[in-house]
**Student:** 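One structure, pasted below without further comment.
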Amino acid sequence: MVKIRIIPSLLLKNKRLVKGVNFKNHLDAGDPLKTCVAHQSQFADEIILIDLDAYEKNISPNYNTIKKIAEQCFTPLTVGGNIDSFEKAIKVIRNGADKILLNSASEDKNLIKKISAYLGSQCVVIGVDIINTKNQYFIYRKGHKLEIPAEDYILKLIDQDIGEVKITFVNLEGKKRGMDLHFITKISKLINLPTIFEGGLGSLTHIIEAIQAGANSLALGSMLVFSDNNIFKIKQEIINRKFKTRLRD
Amino acid sequence: MSIAIIDYYSCNITSIYSAVYSLGAKVEVVHNPKNLKKYSKIILPGVGAAPSVMKNLHKNGYIDEIKDFNNSQKPILGICIGMQILFNKLYEKGTNQGFGFFKSDVISLKSKNMMRVNMGWKEIRKVNDLDFNSKINKKSFYFCHSFFANIIGAEEKFIKYKIEDMPSVPCIVSKDNILGFQFHPEKSQGVGLQLLENFIFKS
């Protein structure tokens, strides 16, 4: 049985972490380095860091913050944030990330090819934001729903030279009402790559439900920020429910 | 005693440097192959695709220098792709010639009907004794790779640990002065740092 990965998903803005609801209304959520070290001490399996400033101001991700984290936090780190060029991807890795998260740039097949050819495909994670309208799933990008069915998009995506897919349920994000279990089950059967799901988790029950539906890697935002939950408690629950996860070395 | 980390530009250089430095070692990232002989150990770090890593080592004149270093019997540690290039042929995006310190080849997980990418924490299981006696049997380490060293036949004795639930994938190999980790010790938290510490101070 695969070990379930529990992955804090952190948003960076003005050198601080923030958290919002439905990608909006950001509140301060702590210091990036201290938060990463705290998650590490609770056996976070990886950390995802997304630089919001990079998207909003159309600049490079904050390499200095990545470096500071990598200098003190020996936990796998995936970084996203307007990585739209080969040069940015290399710099993110050299500063200590292990994987890069591409989102809007993922339309550029040549860029994906070029990055994979240099860093290896295992390094490239593609973020797919999906939105559910009347039980139909579409791709969501830059604040808009696109008329692209999510399933078709994902099936084409996994044929490319990439290492992992991260699926975010946009309309569930920050709501703490649980994930879209139907979609998890459906898509997990179709994808032959590691897949991380994010959006909607608010309780231990939601986590177990998502795992039972077929997810084996979960990214957590709000659940770890504005609540009394922590990774240790989550992992203990996973073990109690007879799934596997790493709780100590 | 000082350790050289070889930089082929695709690697997560900050992470490996910081991990080794945090353990109290004298460590430098080298950019000139001619300086290699003054170090007592070298680390070939992880992250990168085989063609770009080998091309970079050729272009910057590292091939003969690393072979000389190996001939001097000083310790070499390869991590992930840094381990894979110590093998013979690498079948990642075409065919590339590795250092050939091991005669086995590096092939894709997919070609042996395993998952395309091995991502995440995996328990490792002891096959043969490692020189330094670490308490790592059944501990979990972080893996992120699509290719592996397909060691069969006479070289199987060099496999020290393999992945518990992927028994055809060796994850610690060693032969004389050479040590290779398929996982990332610099990203495997406490247990990973402990292994690095063993390489630095006990090998």
**Student:** Where on K93(B) is there a heavy atom nearer than 4.5 Å to chain A: the side chain, the backbone, both, or neither?
**Tutor:**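 For K93(B), the contact with chain A is made by the side chain alone.
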**Student:** Under 4.5 Å, counting heavy-atom pairs only, tell me which of N216(A), D161(A), L77(A) racks up the most with chain B.
**Tutor:** D161(A)
**Student:** Distance from I162(A) atom CD1 to R116(B) atom CZ, nearest 0.5 Å?
**Tutor:** 6.5 Å
**Student:** Between the side chains of Q72(A) and S18(B), does any donor sit under 3.5 Å from an acceptor?
**Tutor:** no
**Student:** Among S41(A), C73(A), S217(A), G163(A), which residue has the highest count of heavy-atom pairs closer than 4.5 Å to chain B?
**Tutor:** G163(A)
**Student:** Name the region of P76(A), side chain, backbone, both or neither, that has any atom closer than 4.5 Å to a heavy atom of chain B.
**Tutor:**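 Looking at P76(A), backbone and side chain both touch chain B.
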**Student:** Distance check, rounded to the nearest 0.5 Å: I13(B) atom CD1 versus I93(A) atom CD1?
**Tutor:** 12.5 Å
**Student:** Sort D7(B) into side chain, backbone, both or neither according to what part of it lies under 4.5 angstrom from a heavy atom of chain A.
**Tutor:** side chain
**Student:** Does any N or O in the side chain of T14(B) come within less than 3.5 Å of the main-chain N or O of R94(A), such that one atom is a donor and the other an acceptor?
**Tutor:**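 Pair found, side chain donor or acceptor close to backbone of R94(A).
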**Student:** Could you tell me whether R246(A) and E123(B) make a salt bridge, using a distance below 4.0 angstrom between a side-chain N and a carboxylate O?
**Tutor:**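 Salt bridge between R246(A) and E123(B), a charged N being under 4.0 Å from a carboxylate O: no.
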**Student:** How far apart are the closest heavy atoms of L193(B) and F74(A), and which atoms are they?
**Tutor:**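 So the minimum-distance heavy-atom pair works out to CD1-CD1, 3.6 Å.
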**Student:** Given side chains that start at C-beta, do those of T75(A) and K187(B) come closer than 4.5 Å, heavy atoms only?
**Tutor:** no
**Student:** Closest heavy-atom contact between M119(B) and R5(A)?
**Tutor:**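 Heavy atoms of M119(B) and R5(A) come nearest at CG-NH1, 3.3 Å.
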**Student:** First locate atom CG of D98(A), then atom OH of Y142(B), and finally report the distance between them rounded to the nearest 0.5 Å.
**Tutor:**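 These two atoms lie 6.0 Å from each other.
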**Student:** With a 4.5 Å heavy-atom cut-off (strictly below), which parts of residues 117-128 of chain A touch chain B? List them by number.
**Tutor:** A117(A), Y118(A), L119(A), G120(A), S121(A), Q122(A), C123(A)
**Student:** Please identify, among C11(B), S146(B), G120(B), S188(B), the residue contributing the most non-hydrogen atom pairs under 4.5 Å to chain A.
**Tutor:** C11(B)
**Student:** Does the side chain of K3(A) come within less than 4.5 Å of K122(B)'s, by heavy atoms?
**Tutor:**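 The answer is no; the side chains never approach within 4.5 Å.
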**Student:** Between Y21(B) and chain A, with a heavy-atom cut-off of 4.5 Å, which part of the residue counts as in contact: side chain, backbone, both or neither?
**Tutor:**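 For Y21(B), neither part sits under 4.5 Å from chain A.
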**Student:** Could you tell me the separation between the CD atom of E46(A) and the CH2 atom of W121(B), rounded to the nearest 0.5 Å?
**Tutor:**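 Between atom CD of E46(A) and atom CH2 of W121(B) there are 9.0 Å.
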